[in-house]
Amino acid sequence: TARQLAYQRVAHESVASRLQIETLNKENHVLQLEQALGAKAVENSRLYIILLLLTLGFIAFWAYRTKRLQLHFMSLSQVDGLTGIANRPHFLKQAQATLEAARRAKQPVCIILFDLDHFKSINDKYGHAAGDQVLKQTVSECQVFMRSSDSFGRF
């Protein structure tokens, strides 16, 4: 009958509408998940960039520190710790370079070598601290008369 057909039609339309609503809800849920996934991807990208920048910063800091330590140790290997002037090996290299440059330029060179007379007796009589002070004072007095281009070393 027409009534039953109308009832079945309304029932089918109701089921179809419910299925369509469920499908739309699932599509909406998928879109929400995709949006959340996109937001997480952006967040992950930012975290990777931060991690990369921190890593690069650490590498730069490490390289800077390594270079500073290298220069510090190079200085320590070339300078007499007590007097602050060139130690023997470094002074010999400086003197050799200066002599070679003077030879090429055919320029005269002056070399002054002196010894502190009775220095051992100062150490023996007044102690090594006094001897160290004598060496420092001697270096200080000599530097007053030196040019910045002159080489000065402890032999």
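One N or O on the side chain of Asn87 and one on the backbone of Ser77 form a donor-acceptor pair closer than 3.5 Å. Side-chain N or O atoms of Ser140 include none that pairs as donor or acceptor with a backbone N or O of Lys136 at under 3.5 Å. Judged purely by atom type and a 3.5 angstrom limit, Ser45 uses its side chain to pair as donor or acceptor with the backbone of Ala41. Checked by atom type and distance alone, the side chain of Ser17 pairs as donor or acceptor with a backbone atom of Glu13 at under 3.5 Å.
Using a 4.5 Å heavy-atom threshold, the side chains of Val139 and Arg154 count as separate. Between Leu135 and Leu82, some side-chain heavy-atom pair lies under the 4.5 Å cut-off. Here the side chains of His72 and Leu76 are in contact, with some heavy-atom distance below 4.5 Å. Residues Thr138 and Val134 have side chains in contact (heavy-atom distance under 4.5 Å, counting atoms from C-beta outward). With a 4.5 Å cut-off on side-chain heavy atoms, Arg3 and Tyr7 do not count as touching.
The shortest non-hydrogen separation linking Ser151 to Thr98 is OG-OG1, 4.0 Å. Nearest heavy atom pair, residue Cys142 against residue Phe152, reads CB-CZ, 3.6 Å. The two residues Val109 and Ala102 come nearest to each other via the heavy atoms CG2-CB, 2.9 Å.
Residue Tyr126 places its OH atom among 12 or fewer non-hydrogen atoms of other residues, nucleotides or ligands, all under 6.0 Å distant. Annotation: Glu100, atom CD; neighbour count of heavy atoms from other residues, nucleotides and ligands within 6.0 Å is above 12. In the displayed structure, Gln35 atom CD is contacted under 6.0 Å by at most 12 heavy atoms of other residues, nucleotides or ligands. When the shell of 6.0 Å around CD1 of Ile112 is examined, it contains 12 or fewer heavy atoms from other residues, nucleotides or ligands. A 6.0 Å sphere centred on CD of Gln32 holds more than 12 heavy atoms belonging to other residues, nucleotides or ligands.
Of the inter-residue distances, the one linking Arg18 atom CZ with Thr23 atom OG1 reads 11.5 Å to the nearest 0.5 angstrom. To the nearest 0.5 Å, atom CD of residue Gln20 and atom CD of residue Glu27 are 9.5 Å apart. Remark: Tyr48 OH to Leu53 CG distance equals 15.0 Å, nearest 0.5 Å. To the nearest 0.5 Å, atoms CZ (Arg46) and CD1 (Ile49) are separated by 8.5 Å. Rounding to the nearest 0.5 Å gives a distance of 8.5 Å between CG of Asn28 and CG of Leu24. Atom NZ of Lys40 sits about 8.0 Å away from atom CG of Asn44, to the nearest 0.5 Å.
In this model, no donor atom of one side chain and acceptor atom of the other lie less than 3.5 Å apart for Lys93 and Gln96. Residues Gln8 and Gln4 bring no donor and acceptor atom of their side chains to less than 3.5 Å of each other. No hydrogens or angles considered: a donor-acceptor pair under 3.5 Å links the side chains of Asp80 and Thr83.
When hydrophobic clusters are built by joining Ile, Leu, Val, Met, Phe, Trp and Tyr residues whose side-chain heavy atoms come closer than 4.5 Å, directly or via intermediates, Phe61 is not grouped with Leu54. Under a hydrophobic clustering in which Ile, Leu, Val, Met, Phe, Trp and Tyr are joined whenever their side-chain heavy atoms come within less than 4.5 Å, directly or via other members, Phe155 and Ile85 fall into different clusters.
Classification of Glu22 and Lys26 as a salt-bridged pair fails, no side-chain N sitting under 4.0 Å from a carboxylate O. Salt bridge status for Asp124 with Lys120: present, with a side-chain N to carboxylate O gap under 4.0 Å.
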